[in-house]
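Comments concern the structure below.
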Amino acid sequence: MNAPKSELNLEWIPYSGFQLRKAGVQFDAVRVDGEEGRRLALLMEAITGGEPGPVVAEANGRRAVYFLVPAGTTARRTWPAGVTELNATAGRVSYVPIPALSGRTWPLTWHYPPTVPGRFVHTLLLLNAAFALLGGTKRPTPGPARERDRPDVGRTGEG
């Protein structure tokens with residue numbers, strides 16, 4: 001069930017409107033634009049029995065859908081084309097728009113609001129669902145394979 005913010009104690013959710021939150025602090029995010037994002041959200045709902053974790057939807061522009069995943073879990077993974085990971089890796093800073101739980105938050109809404117502190121979308125379930133829905137085409141990863149696979153080399157640039 002949806003608990004009020006005071007019961008959830010989620011300091012990263014604004015009391016009103018919406019605010020940008022730095023990715024990689026409380027969470028990373030995975031963004032999928034347009035209808036593909038909405039279809040992925042519905043697929044995640046079906047996979048998880050109705051509670052995929054916090055998902056934010058945008059009503060204008062690219063109509064992005066943001067899947068909030070645990071901090072540090074999006075980097076060094078190969079995501080399918082059409083997915084943008086938002087995180088804080090070496091040389092990169094990303095911000096995620098977060099709406100309040102109620103009130104005027106347009107153009108953002110909670111497609112699935114947070115229900116429990118510390119519970120986010122499961123990264124590996126999301127990764128596999130994204131490949132199943134968006135196809136097996138992998139986005140090119142910057143740099144030679146050797147560098148990409150080294151744990152001490154962070155990804156830079158727009159995901």
Side-chain angles (χ1 to χ4, degrees), residues 1-134 139 154-155 157-159:
M1 282 295 176
N2 297 341
K5 179 183 174 184
S6 59
E7 290 178 30
L8 286 174
N9 192 23
L10 298 174
E11 296 176 1
W12 49 269
I13 297 178
Y15 286 104
S16 63
F18 61 89
Q19 294 179 350
L20 295 177
R21 296 291 187 227
K22 185 178 178 185
V25 178
Q26 288 96 354
F27 52 82
D28 285 357
V30 171
R31 186 186 81 208
V32 181
D33 296 337
E35 284 307 307
E36 290 83 11
R38 281 151 177 74
R39 288 194 337 250
L40 183 56
L42 292 174
L43 178 57
M44 288 298 294
E45 178 186 24
I47 291 170
T48 61
E51 291 206 21
V55 178
V56 174
E58 186 178 54
N60 67 349
R62 55 174 57 131
R63 294 179 33 101
V65 177
Y66 299 86
F67 299 84
L68 306 186
V69 298
T73 62
T74 61
R76 296 186 189 96
R77 296 190 191 278
T78 302
W79 293 87
V83 170
T84 302
E85 68 265 18
L86 303 169
N87 53 41
T89 56
R92 180 179 184 169
V93 177
S94 302
Y95 292 88
V96 182
I98 301 295
L101 291 174
S102 61
R104 296 181 183 190
T105 63
W106 193 89
L108 301 172
T109 60
W110 284 104
H111 199 69
Y112 301 104
T115 56
V116 177
R119 184 175 187 285
F120 294 100
V121 174
H122 191 284
T123 308
L124 292 178
L125 282 178
L126 180 62
L127 178 66
N128 286 308
F131 271 113
L133 184 68
L134 303 173
R139 240 191 15 236
R155 295 177 65 187
E158 181 88 13

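We count residues from 1, following the sequence as given. Quantities reported herein were computed from a predicted structural model and do not represent experimental measurements.
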Revision key, fill the gap. Taken to the nearest 0.5 Å, the spacing of Asn87 CG from Arg76 CZ works out to 9.5 Å

Practice item. Go through the steps to decide whether Val55 and Met44 satisfy the test side chain to side chain contact (heavy atoms under 4.5 Å, CB included), and finish with yes or no. Key: CA-CA 10 Å; Val55 178; Met44 288 298 294; over 6 Å; no

Would you be so kind as to tabulate the donor-acceptor pairs closer than 3.5 Å made by side chains of residues 98-113, with sequence neighbours excluded?
residue	atom	partner	partner atom	Å
Thr105	OG1	Leu108	O	2.6
Trp110	NE1	Pro99	O	3.1
Trp110	NE1	Ala100	O	3.3
Tyr112	OH	Glu45	OE1	2.8

Point to revise | Atom pair CG (Leu86) and CZ (Arg92), whose distance is rounded to the nearest 0.5 Å | key: 6.5 Å

Study note, to complete from the structure: On a heavy-atom basis, the closest approach of Ala75 and Thr89 is CB-CG2, 3.4 Å

Review point. What closest approach, in Å, do Val83 and Ala130 show between heavy atoms, and which atom pair accounts for it?
Key: CG2-CB, 4.3 Å

**Study point:** All salt bridge (charged side-chain N to carboxylate O under 4.0 Å, His left out) counterparts of Arg63, not counting sequence neighbours
**Key:** Glu35

Review point. Taking C-beta and beyond as the side chain, do Thr48 and His122 meet within less than 4.5 Å on heavy atoms?
Key: no

Taking distance alone, no hydrogens or angles, what donor-acceptor pairs closer than 3.5 Å link side-chain atoms of residues 19-28 to residues at least two apart or in another chain?
residue	atom	partner	partner atom	Å
Gln19	OE1	Arg21	NH1	2.8
Gln19	OE1	Arg21	NH2	2.7
Arg21	NE	Trp12	O	2.7
Arg21	NH2	Trp12	O	3.3
Asp28	OD1	Gly24	N	3.3
Asp28	OD1	Gly72	N	3.3
Asp28	OD2	Gly72	N	3.0
Asp28	OD2	Thr73	N	3.2
Asp28	OD2	Thr74	N	3.3
Asp28	OD2	Thr74	OG1	2.9

Review point. Between Thr123 and Pro70, what is the shortest heavy-atom contact and its length?
Key: OG1-CD, 3.6 Å

Check your understanding: Leu40 and Val65: side chain to side chain contact (heavy atoms under 4.5 Å, CB included), yes or no, with the steps?
Key -> CA-CA 9 Å; Leu40 183 56; Val65 177; over 6 Å; no

**Study point:** Heavy-atom closest contact (Pro80 atom, Leu134 atom, distance)
**Key:** CG-CD1, 4.2 Å

Exercise for review: Check the pair Leu126, Trp79 against side chain to side chain contact (heavy atoms under 4.5 Å, CB included), reporting the backbone distance first and the verdict last.
Suggested key: CA-CA 10 Å; Leu126 180 62; Trp79 293 87; 4.3 Å; yes

Check your understanding: Who are the side-chain contact (heavy atoms from CB on, under 4.5 Å) partners of Asn128, not counting sequence neighbours?
Key -> none

Practice item. Please lay out, stage by stage, how Glu85 and Val69 fare under the test side chain to side chain contact (heavy atoms under 4.5 Å, CB included). Key: CA-CA 10 Å; Glu85 68 265 18; Val69 298; over 6 Å; no

Practice item. Give, for atom CZ of Phe18 and atom CD1 of Ile13, the distance between the pair rounded to the nearest 0.5 Å. Key: 15.0 Å

Check your understanding: If we only count heavy atoms from C-beta on, is the Glu51 to Thr115 side-chain gap below 4.5 Å?
Key -> yes

